[in-house]
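Following this message is one structure expressed as structure tokens.
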Amino acid sequence: MPSPEGESDMLPGLRATVADSRAKAAATRKRRAAEVEAAERDPVARVLVDLPLAHLDRPFDYLVPAKDAESAVPGVRVKVRFAGQDVDAYVVERAAESDHPGRLAPLRRVVSPEPVLAPEVVALTGAVAERYAGSRADVLRLAVPPRHATTEAKPSAPAPETASAATREAWTGHEPAAAFLAHLTDGGSPRAVWSAAPATDWAAALAEAAAATYASGRGSLLVVPDRRDVDRVDAALTQVLGEGHHVVLTADAGPAARYRDFLAVSRGARRIVLGTRAAAFAPVRDLGLVAIWDDGDDLHAEPRAPYPHAREVLLLRADLQGCGVLVGGFARTVEAQQLLRTGWAREITSPREVLRARARVSVVEAGEREHGARVPRAAYDVLRSATAEGPVLVQSPRAGYLPSLACERCRTPARCAACTGPLQLSGPTDPPRCRWCGQQARDWACGECGHRGLRAPVLGGARTAEELGRSFPGLPVLVSGGDQVRATVPDRPALVVATPGAEPLAAVGYAAVVLLDCWLPLARAELRTDEEALRRWANAAGLVRPGGHVVAVGPAEHPALQALVRWDPAGFAEREAAQRSEAHLPPASRMATIIGTPGAVDDMLTLFSGPEGTEVLGPVPVGDDEDEVRAVVRVPRRLGAALSGALGEVQRLRSARKLEAVRVQVDPFSL
DNA sequence: GTCATGTATCAA
DNA sequence: TGATACATGACC
């Protein structure tokens, strides 16, 4: 029991030792501080340290040495001594005084005078970290590319003085697109959710929106799912504005090129940025518009902690910076629909007559086929007549996309008699088993037609191409998918067989688009199954030329196919939104998953106190791994920020106590 | 993460 | 009692 007098009951020798070491430490600090002459003006630098610890996720104050007075400006990289080690940090602010009661350590070194962390990006990364219950250091690593010294030494070439006049041809048929663009040109910040009509050159439309914003003297940020889309919009921007006004930011560029292009943006030499998800953090000067294309594509979800989604990053940014917003796609996500439901954004869409003129969409039941062929009669007829006019796109779901079985005759997915789970083959000789309950299905009979034969339903693109090639002798068959993705196909009669997402672009659009095996993507038992299926079909159908045919082969009465036939992504999203709302699923609710060892997750849940009304589901084991469990926490949407806050709080607490880490994922893309 | 400090535990 | 392990909290 320590006495109230503190050290008084220590041995005299020990007391001396303690006093001695304290004096020494103080002397060392004094000597260090004395060595450094502080900057005269604003001698305090507020810095963010690059440490992975959640509880250190706040600014720390350091003394600016006089020699760094001019270079240690907000945004520059510095080295600081932190708890005995040299760590990387960013200066975020200079100040005259510090709130820190102790003595300030000096900055060790200004790594470079280049300010790479703009104030608005400081704010954005903070908001993203908060929203995703992650650490700002993690977000900063996504936002600022690694330094490349040689590149930094070179100046960024300025953009040409003048740009070509903005056009708005690609927006024809969309309402109220003209008003939206005019508003951007006038310096306004309109927010829109845009459903593109089939045969729309969406890449050109994005470029025109950027050009309209540019005309007001402001910059734009365009985020697309992948490299192919980047190339498309890249070409469109050059077409609309000419060379040298925009820059492309993608992860696949090398370190030097990536840093060079980043600097061109951060220095203000380029104010139009196009890129994939990480570009959402780009420090565009005078940001007037953020745009995202096909926000339902899972490539927009960052796979690294804290797993931010590009759409959410852009929306947070729009809130912080008050810029315009464009969320576009052929399909529409429930999240985008939510922006309309709440009145936050306006809708841009096409009148019925435009849609009718753009594409004739029909659906054919898979049963209406001949000789067990994969393509029913009606679809063949469309193929035959369209191939006389130009290329025809055939979308064929990827082999291995779903390892489940279907009825050999009518192709209804085979379901377990006990629990209605999907049946799958586990080995070449074993009887099929249920994927959910594991029960063997020896005497299976189709619930629809009574047939007893089963088949592995998926033909790869290659098999489809082979089958179709035989039916259309003499016609070139081009295949795109897997690691052989074609960007474009020439405007000549041909069959173009592609897996979803790998559809090439045809110069003037496809004469027809045929979607095979549409029941297949609908047979998955996941959160966004229908939405994802419709998105993939719509993206293929969108490639049709004006007036072309779209034929889907599948269950005609299914709501997703109905939405395709009526080209009604809005109605579909609205219906999905209502269903999700009923089932308390996002975006009606804010959800988060907590994954880790059973002990760590239990512990996390004990420490966690969410807002009033928080539901905790699980934890349940994840996959086959017995060492990992997952818990789901859920609150009504309006409490989303509180949930994120509470999760972040526990993460900080656990990090400070050095407890075993758990993975927290807010709004996970899939469950 | 490192470092310093405080508290618990145990053999001698 | 002293040596040691372990927990806790600060870190500018």
Side-chain angles (χ1 to χ4, degrees), chain A residues 1-39 42-66 68-69 72-74 76-111 117 122 126 129 134-141 305-306 599-600 603-604 606-607 649-663:
Chain A
M1 179 72 84
S3 75
E5 296 89 73
E7 293 172 9
S8 67
D9 64 348
M10 287 180 180
L11 282 189
L14 178 62
R15 190 191 318 170
T17 316
V18 169
D20 197 41
S21 76
R22 281 191 188 165
K24 235 186 242 169
T28 312
R29 278 199 298 273
K30 202 175 245 174
R31 189 158 7 91
R32 274 209 199 115
E35 273 170 21
V36 183
E37 203 193 321
D42 290 338
V44 175
R46 214 144 277 157
V47 312
L48 293 174
V49 290
D50 182 23
L51 289 169
L53 301 163
H55 65 287
L56 298 181
D57 208 346
R58 59 196 168 83
F60 289 87
D61 289 352
Y62 283 80
L63 205 60
V64 180
D68 297 325
V73 295
V76 302
R77 295 179 216 258
V78 290
K79 285 267 187 208
V80 297
R81 195 81 181 161
F82 190 87
Q85 52 179 340
D86 278 348
V87 298
D88 295 318
Y90 294 101
V91 174
V92 289
E93 202 183 338
R94 282 282 292 271
E97 288 178 32
S98 170
D99 290 339
H100 184 61
R103 188 184 287 276
L104 299 186
L107 298 174
R108 288 283 267 201
R109 191 159 75 83
V110 174
V111 173
L117 186 61
V122 174
S135 80
R136 195 203 304 247
D138 284 342
V139 184
L140 282 173
R141 272 191 289 273
D603 189 55
M604 170 92 184
T606 312
L607 293 170
E649 188 83 358
V650 194
Q651 289 287 62
R652 282 187 286 277
L653 190 75
R654 291 176 54 79
S655 151
R657 291 196 195 159
K658 291 189 256 299
L659 299 171
E660 194 186 337
V662 292
R663 213 156 68 239

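A, B, ... follow the sequence lines: proteins, then strands. Residue 1 opens every chain.
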Whole-Å distance, A:Tyr62 OH to C:dC12 C1', equals 5 Å
Give one of base, sugar-phosphate or nothing for A:Phe82, where a contact means two heavy atoms less than 4.0 Å apart.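 Contact class for A:Phe82: base.
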Length of the line joining A:Gln85:CD and B:dC3:P, which is rounded to integer Å: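 Rounded to whole Å, this separation is 8 Å.
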Using whole Å, what does the distance between atom C1' of nucleotide C:dC12 and atom NE2 of A:His100 come to? 4 Å
Please identify each residue that fulfils side chain to side chain donor-acceptor pair (under 3.5 Å) with A:His100, with sequence neighbours left out.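 Partners of A:His100 under the side chain to side chain donor-acceptor pair (under 3.5 Å) test: none.
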Would you check if the side chain of A:Arg94 reaches a backbone N or O of A:Asp42 as a donor-acceptor pair within less than 3.5 Å?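 Side chain of A:Arg94 to backbone of A:Asp42: a pair is present.
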Quick one: label A:Leu51 by what it contacts on the DNA or RNA (base, sugar-phosphate, nothing), any heavy atom closer than 4.0 Å.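 No contact.
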If the condition is salt bridge (charged side-chain N to carboxylate O under 4.0 Å, His left out), which residues does A:Glu660 pass it with, not counting sequence neighbours?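 Not a single residue meets the salt bridge (charged side-chain N to carboxylate O under 4.0 Å, His left out) criterion with A:Glu660.
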Encode nucleotides 4-10 of chain C as B, S and - characters from 5' to 3', where the letter depends on protein heavy atoms closer than 4.0 Å: B to the base, S only to sugar-phosphate, - to neither. ----BBB
Can you check the A:Leu48 CG to C:dC12 C1' distance for me, whole Å?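 My rounded result for the distance is 12 Å.
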Those residues that, when tested against A:Glu97, pass side chain to side chain contact (heavy atoms under 4.5 Å, CB included) (two or more places apart): none
Checking A:Phe82 now: which residues fulfil ring-ring contact (aromatic ring centres under 6.0 Å, His included) with it, not counting sequence neighbours?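 Testing A:Phe82 for ring-ring contact (aromatic ring centres under 6.0 Å, His included), a comparison that skips the adjacent residues, returns A:Phe60.
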Would you kindly give the CG-to-P distance between A:Asp86 and B:dG1, to the nearest whole Å? 18 Å
Rounded distance in Å - CG (A:Leu56) to C1' (B:dC3):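 Atom-to-atom, A:Leu56 to B:dC3, this comes out as 13 Å.
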For A:Arg46, give me all partners under side chain to side chain contact (heavy atoms under 4.5 Å, CB included), at least two apart in sequence or on another chain. A:Val44, A:Pro59, A:Asp61, A:Val92, A:Glu93, A:Ala95
